[in-house]
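Convention: sequence-line order gives letters A, B, ...; per-chain numbering from 1. Computed from a prediction, not measured in an experiment: that's the story for all the values here. We use all heavy atoms of the structure for the numbers below, so side chains are in, but hydrogens, waters and symmetry mates are not.
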Protein chains: 2
Amino acid sequence: MESLPSARKFKDELYQQYARIGKCLSSDKRLEILSLLSQGPKSVENLAQQSEMSVANVSRHLQILLDARLVKFNKQGTYVIYTLGDPEVSNFLLSLWRLCESQLADISRMKEDFLQHFDDVQTLSLDEVMDKLEAGTIILLDVRPTGDFVAGHMPGAISIPIDEIDEYIQSLPRDIDVAAYCRGPFCIYSTEVVKKLQNEGFTVYRLEEGYWNGMWSLKCPL
Amino acid sequence: MESLPSARKFKDELYQQYARIGKCLSSDKRLEILSLLSQGPKSVENLAQQSEMSVANVSRHLQILLDARLVKFNKQGTYVIYTLGDPEVSNFLLSLWRLCESQLADISRMKEDFLQHFDDVQTLSLDEVMDKLEAGTIILLDVRPTGDFVAGHMPGAISIPIDEIDEYIQSLPRDIDVAAYCRGPFCIYSTEVVKKLQNEGFTVYRLEEGYWNGMWSLKCPL
DNA sequence: AGCCTATTCAATTAATGAATAGAATAATTG
DNA sequence: CAATTATTCTATTCATTAATTGAATAGGCT
């Protein structure tokens with residue numbers, strides 16, 4: 001069909017556009033950034049700390065994500081705060097994680113192996129914690145980074161980012177149980193805190209569920 | 001926390017696994033293959049023809065998709081028939097296309113530009129065609145490749161793959177209207193057929209909607 | 001001015017992609 | 001049953017692209 005505009009050219013260009021999004025998802029580091037951002041807005045520096053990358057490198061990855069409009073930013077003083085571009089992106093990430101878990105058996109295996117190291121940590125379910133919280137027989141610690149806490153948290157929880165736990169240990173009451181939560185079963189912030197408080201003699205539990213993506217679940221990819 | 005297994009190592013390995021899926025999506029050619037497969041199972045050769053790639057190249061892409069379990073295959077005689085790996089993959093692709101369309105303004109623009117070339121092709125809606133089909137005042141042609149037709153089609157439609165249209169032109173009745181459909185607004189198979197039949201003197205329409213991914217819609221990515 | 005954060009640049013290293021040609025498998029034919 | 005053909009997969013090549021780092025720059029804030 002020589003009179004028609006080239007269908008092949010059109011197709012190629014179209015799929016090249018689609019692949020702009022795809023390329024963003026092809027790097028483990030960018031996936032980690034997206035995962036972190038799905039837990040709340042973050043500055044470049046903050047992302048660099050949590051992903052253990054250099055600021056320069058994070059910045060470059062963010063440019064790539066920005067080009068595909070998977071993230072957006074606004075400036076707050078000298079900080080550039082990045083956010084997921086759109087609720088659509090958040091939905092998409094959910095279905096990506098779901099797909100990964102369902103297709104890649106390696107992932108489930110890795111996660112199981114990892115969790116075996118923490119068999120000795122006592123856990124409470126969300127319901128149990130809520131009951132105890134109402135009854136006033138427990139203190140609930142949110143040990144995620146401050147930004148995540150601000151973006152959304154359990155009513156009644158106290159924000160004690162894991163970096164700052166040492167400073168707070170003295171002021172925690174010892175005559176009442178303590179529970180800690182973070183993002184999910186595979187986020188070990190709360191596990192670390194539980195072990196540390198156990199050594200200090202507290203009665204302390206880990207909350208099974210995590211707060212992630214604006215909801216309580218066991219499904220946080222990390 | 002030196003006694004704990006390295007959280008960083010675990011995270012890195014986990015995101016590397018996730019990125020296995022991501023890498024599949026980073027190539028325009030692989031996205032095209034996935035798109036083609038979402039329209040029905042296909043042999044390597046068939047995929048090569050439709051994507052206008054060499055068989056060897058398609059095969060290599062399929063290996064990559066297979067490694068991430070986005071596709072699976074079964075052998076039929078000497079042919080290896082590839083399929084999407086799982087209904088989950090199909091769902092995921094839908095949300096990927098949706099994300100792409102919503103984030104990348106370029107795509108909408110390209111599609112609009114492309115469609116302008118076909119302003120002169122008369123279209124009918126799905127409802128109109130169904131009415132006319134019941135009334136017996138129209139013949140409906142499915143001009144997609146045979147495999148797609150077999151995988152699912154409009155009841156009452158006749159399969160005339162675009163490659164074979166010339167052989168069928170003689171036997172089409174000229175005293176009744178003809179409509180053709182393919183995958184969607186951006187699949188130009190039906191447009192090509194309409195133009196060809198128009199030149200032959202038929203009264204012929206293009207069905208606005210396309211049959212794609214087991215449903216009628218205007219949303220086929222290509 | 002001085003400090004802090006983020007981006008850009010330059011340069012190195014690593015990896016990835018497309019394509020070719022050749023290998024393996026299975027059916028078909030003489 | 002050997003030889004041929006058809007079909008799909010693998011391995012290697014080469015060019016391209018991507019990731020990372022450190023240094024330099026830009027620009028806001030106090």
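- Computed from coordinates, the B/Ile33 CD1 to D/dT8 P distance equals 13 Å when rounded to whole Å.
- Distances shown here put a side-chain N or O of B/Tyr82 below 4.0 Å from the OP1 or OP2 atom of D/dC9.
- Looking at which nucleotide of DNA chain D each of A/Gln76 and A/Ser27 is closest to, the 5′-most match is held by A/Ser27.
- Counting heavy atoms from C-beta on, the side chains of B/Cys24 and B/Ile64 come closer than 4.5 Å.
- Salt bridge status for A/Asp28 with B/Lys11: absent, with no side-chain N to carboxylate O gap under 4.0 Å.
- Note on A/Val55: a base of the nucleic acid sits closer than 4.0 angstrom, heavy atoms only.
- With 3.5 Å as the limit, one finds no donor-acceptor pair spanning the side chains of B/Arg144 and B/Gln39.
- Residue A/Lys23 places its side chain closer to D/dA18 than to any other of D/dA18, C/dT8, D/dT10.
- A salt bridge does not link B/Lys196 with B/Glu200: none of the charged nitrogens is closer than 4.0 Å to a carboxylate oxygen.
- What separates CG of B/Asp28 from P of C/dG17 is a distance of 11 Å, to the nearest Å.
- Taking side-chain N and O atoms only, A/Thr78 has no distance below 4.0 Å to OP1 or OP2 of C/dT5.
- In this structure, the CE atom of A/Met53 is 15 Å from the P atom of D/dG22, given to the nearest Å.
- In summary, B/Lys111 and B/Glu101 engage in a salt bridge, as defined by a charged side-chain N under 4.0 Å from a carboxylate O.
- In this entry the distance linking CD of B/Glu32 with C1' of C/dG17 reads 16 Å, nearest Å.
- Position along DNA chain D of the nearest nucleotide to A/Lys29 versus B/Val80 favours B/Val80 as the more 5'-ward residue.
- The distance from atom CD of B/Gln16 to atom P of C/dT16 is 10 Å, rounded to the nearest whole Å.
- For A/His61, a side-chain nitrogen or oxygen approaches OP1 or OP2 of D/dT20 to under 4.0 Å.
- Residue A/Arg60 is the one, among A/Arg60 and B/Asn57, whose nearest nucleotide of DNA chain C lies closer to the 5' end (criterion: closest heavy atom).
- Contacts of A/Ser26 with the nucleic acid, taken as non-hydrogen atoms under 4.0 Å apart, are absent.
- Here the P atom of nucleotide C/dT8 and the CG atom of A/Leu62 are 11 Å apart, to the nearest Å.
- Between A/Ser54 and D/dT21 there is a side-chain polar atom (N or O) within less than 4.0 angstrom of OP1 or OP2.
- At the phosphate of D/dC9, neither OP1 nor OP2 sits under 4.0 Å from any side-chain N or O atom of B/Tyr79.
- Side-chain atoms of B/Gln63 lie closest to D/dT10 of the nucleotides D/dT8, D/dT10, D/dA19.
- Between the CG atom of B/Leu47 and the C1' atom of D/dT8 there is a distance of 12 Å, given to the nearest Å.
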- Could you go through the side-chain hydrogen bond (donor to acceptor under 3.5 Å, both in side chains) check for B/Gln63 and B/Asp67 one step at a time? CA-CA 6 Å; B/Gln63 297 313 309; B/Asp67 176 65; over 6 Å; no
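- Note: CG (B/Asn46) to P (D/dA6) measures 18 Å, nearest angstrom.
- For B/Ala56, counting side-chain heavy atoms from C-beta on, the closest listed nucleotide (D/dA19, C/dT20, D/dT20) is C/dT20.
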